[in-house]
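Below: one structure, written as structure tokens.
Both backbone and side-chain heavy atoms feed into the values below; hydrogens, waters and symmetry mates do not. Proteins get letters first, then strands, A, B, ... in listed order; numbering begins at 1 in each.
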Amino acid sequence: MPLALVWFRQDLRLDDNPALHEALEQGYAPVPVYVHAPEEESGWAPGGASRAWLHRSLQALDADLRARGSRLLLRNGPTGPALSALLRETGADAIFWNRKYEPATQPRDAALKREWREQGLVAESFNGALLFEPWELATQQGGPYKVFTPFWRNALGRLRVPAPQAVPATLPSVAETFASEDLDALGLAARPAWDSGFWDKWHAGEAGAHEALEVFLDGALHGYRSDRDRPDRVGTSLLSPHLHFGEIAPWRVVGALEQVRTAANAADVDAYLRELGWREFAYHLLHHFPATTTANLNPRFEHFEWAPGDDRQLQAWRHGLTGVPIVDAGMRELWATGYMHNRVRMIVGSWLTKHMRQHWLHGARWFWDTLVDADLANNTLGWQWVAGTGADASPYFRVFNPVTQAQKFDPAATYISRWVPELQALPVAARFAPWLHAELARRLAPSYPRAPMVDLAQGRDAALAAYKRSAPAESR
DNA sequence: AGGAGCTTAGA
DNA sequence: CTAAGCTCC
């Protein structure tokens with residue numbers, strides 16, 4: 001049986017894995033391999049939380065492969081030489097993989113494909129990650145979309161769920177002579193184990209992804225349309241890290257949703273599909289506007305007056321010590337669990353970029369290091385959206401008021417109280433803005449900051465003024 | 001995927 | 001006086 005390398009990256013699953021499936025379909029014995037080459041991500045090497053997740057996901061993938069008689073080879077980069085060497089060592093005739101779309105690695109992968117094909121090898125790549133690849137959808141003028149709603153309307157009209165590609169119960173074995181790095185030697189796991197608080201919440205790997213999907217279908221899907229905005233409830237799918245690492249295919253999620261769709265839950269199903277749509281839109285934008293990982297998409301912000309980088313202020317934001325309870329709750333949830341509720345991401349992002357007027361990249365970099373679901377496309381879209389610099393962004397003048405947001409979406413302050421226990425002795429109504437109850441706060445919450453690091457009204461006004469100054473002359 | 005400030009309808 | 005609606009930022 002001829003051998004084919006199956007090169008795993010962000011498709012850490014066996015089920016519904018096009019590259020693996022195609023290798024088997026074409027009669028090859030797959031040799032699964034993962035190449036560790038973080039420095040090739042051009043400034044976006046996986047952050048700490050991502051690496052911790054990756055460690056576990058690779059462990060799970062190897063275990064799943066071994067349960068079927070195969071195993072995962074680990075190699076150190078650089079990627080091209082590592083894979084070419086493995087092709088020679090194994091005598092494989094072919095290499096299959098699922099595409100990645102990040103601007104740093106996509107050209108590299110395309111060049112490798114050409115190179116291997118010139119050497120007479122079979123080199124094929126597939127879509128393992130998206131409902132629509134970034135170039136599949138275009139406006140009537142043939143250009144990229146910059147507004148979500150028409151993008152998603154087009155996508156929904158073309159959406160088809162492929163039949164699942166099951167993985168065989170047994171796979172050909174991988175010869176013991178093919179060497180592999182030790183997983184621990186890749187240095188992905190957290191040392192010391194600062195991530196110990198993560199794993200009550202998460203089960204990395206393919207089995208964990210399917211568990212999370214089942215839990216979502218049985219629970220948060222019902223009422224998703226409104227509860228997804230409620231950080232005090234389990235109102236979201238918690239699928240984002242699983243989708244990022246490709247532990248489940250997005251079309252599998254769509255298929256499962258369509259299976260359970262009823263007249264009663266149709267609005268909830270559609271609301272969740274729309275969120276998957278934002279993920280698709282993020283990849284579309286990243287592909288067409290690759291500079292936006294660091295540069296504003298909207299050129300109006302080229303000369304925007306961000307406040308000078310302020311390490312002391314940034315540290316307060318990162319550590320959840322801003323004096324704004326909902327902001328601090330979110331930042332502490334992030335640090336403790338590797339995750340933050342999406343509504344709260346918008347609130348902390350608005351606080352950083354509007355009230356503090358710090359450049360959104362400060363936020364993007366921190367999220368990149370701390371989120372288990374850190375994803376270059378989603379992170380870029382999210383930060384540019386909240387900063388007002390991106391596609392389909394809220395206009396810059398939309399400044400979230402963190403007090404009214406908390407009152408609206410965490411009405412009993414249970415989320416705030418969970419993550420900011422210093423406030424627990426205060427009456428609920430005072431926990432949203434303790435500085436408005438100074439006497440009570442001094443007695444009952446003495447260890448919490450006396451006042452927000454930036455006055456809410458002043459911060460808002462200063463942000464709006466800066467926006468006005470950056471406006472093109474004709475629109476002032 | 002907003003908020004503030006003002007107006008207006010209605011208790 | 002409060003709540004909902006509207007407008008502009």
Side-chain angles (χ1 to χ4, degrees), chain A residues 145-153 155 220 223-233 235-237 240 267-268 270-282 284-285 297-298 300-301 304-305 324 326-327 330 340-357 360 363-364 367 373 375 377-411 415 432-433 436 452 454-476:
Chain A
Y145 285 96
K146 291 176 94 170
V147 180
F148 174 73
T149 305
F151 169 86
W152 189 230
R153 191 181 307 127
Y224 179 80
R225 194 162 60 133
S226 53
D227 277 1
R228 74 194 178 84
D229 272 324
R230 293 288 297 268
D232 56 337
R233 299 182 180 168
T236 60
S237 72
S240 51
D268 292 325
D270 288 337
Y272 185 73
L273 288 178
R274 193 179 160 84
E275 298 308 310
L276 287 182
W278 277 96
R279 177 175 182 270
E280 299 288 319
F281 187 46
H284 180 80
L285 289 173
L297 178 62
N298 183 341
R300 170 179 175 160
F301 286 85
F304 184 79
E305 296 167 19
V324 182
I326 189 72
V327 173
M340 191 193 309
H341 187 281
N342 185 57
R343 166 61 49 179
V344 189
R345 294 188 198 196
M346 294 192 270
I347 299 171
V348 305
S350 176
W351 181 261
L352 181 78
T353 58
K354 313 276 167 91
H355 287 88
M356 293 171 65
R357 222 178 346 126
W360 57 266
F367 273 29
D373 65 21
D375 179 282
N378 287 330
N379 199 46
T380 301
L381 179 147
W383 277 100
Q384 294 238 21
W385 183 89
V386 81
T389 61
D392 206 14
S394 58
Y396 188 85
F397 52 74
R398 280 191 195 157
V399 179
F400 282 54
N401 179 325
V403 175
T404 50
Q405 286 279 314
Q407 288 168 333
K408 192 167 170 190
F409 297 113
D410 182 28
Y415 177 80
F432 303 108
L436 299 179
V454 178
D455 177 84
L456 266 63
Q458 280 175 21
R460 176 190 163 83
D461 291 348
L464 294 177
Y467 180 70
K468 214 166 191 175
R469 286 195 297 276
S470 80
E474 66 272 20
S475 70
R476 275 189 225 180

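- At whole-Å resolution of the value, CH2 in A/Trp278 and P in B/dA1 are 10 Å apart.
- Within the nucleic acid shown, A/Thr404 comes within 4.0 Å of sugar-phosphate atoms alone, with no base atom in reach, counting heavy atoms only.
- Within the 4.0 angstrom heavy-atom criterion, no nucleotide atom of any strand lies near A/Asp229.
- We find that A/Arg345 and A/Asp373 are joined by a salt bridge, their nearest charged nitrogen and carboxylate oxygen being less than 4.0 Å apart.
- Of the side-chain N and O atoms in A/Gln405, none sit less than 4.0 angstrom from OP1 or OP2 of B/dA1.
- Judged by the 6.0 Å and 45° rule, A/Arg230 forms no cation-pi pair with A/Phe409.
- Atom CG in A/Asp455 sits roughly 12 Å away from atom P in B/dA4 (whole-Å rounding).
- For A/Phe281 and A/Trp152, the gap between ring centers reaches or exceeds 6.0 Å.
- As rounded to whole Å, 15 Å separates atom P of B/dA1 from atom CH2 of A/Trp152.
- Counting to the nearest Å, the P atom of B/dA1 and the CZ atom of A/Phe281 are 15 Å from each other.
- For A/Arg357 and A/Tyr467, the positive end is not near the middle of the six-membered ring at less than 6.0 Å and at most 45° from its axis.
- The nearest whole Å value for the distance from the CG atom in A/Leu381 to the C1' atom in B/dA1 is 11 Å.
- Ring geometry, A/Trp351 versus A/His355: the interplanar angle falls under 30°, so the pair is classed parallel (tilted spans 30 to 60°).
- Going from atom CG of A/Leu464 over to atom C1' of C/dT7 covers 15 Å, rounded to whole Å.
- Between A/Glu275 atom CD and B/dA1 atom P there is a gap of 9 Å when expressed in whole angstrom units.
- Distance, A/Tyr224 OH to B/dA1 P: 11 Å, rounded to whole Å.
- A sub-4.0 Å separation between OP1 or OP2 of B/dA1 and a side-chain N or O of A/Arg225 is absent.
- At B/dA1, one or more side-chain N or O atoms of A/Arg228 fall inside 4.0 Å of OP1 or OP2 (strictly under the cut-off).
- When the nucleotides B/dA4, B/dA1, B/dG2 are ranked by their closest atom to the side chain of A/Asn401, B/dA4 comes out on top.
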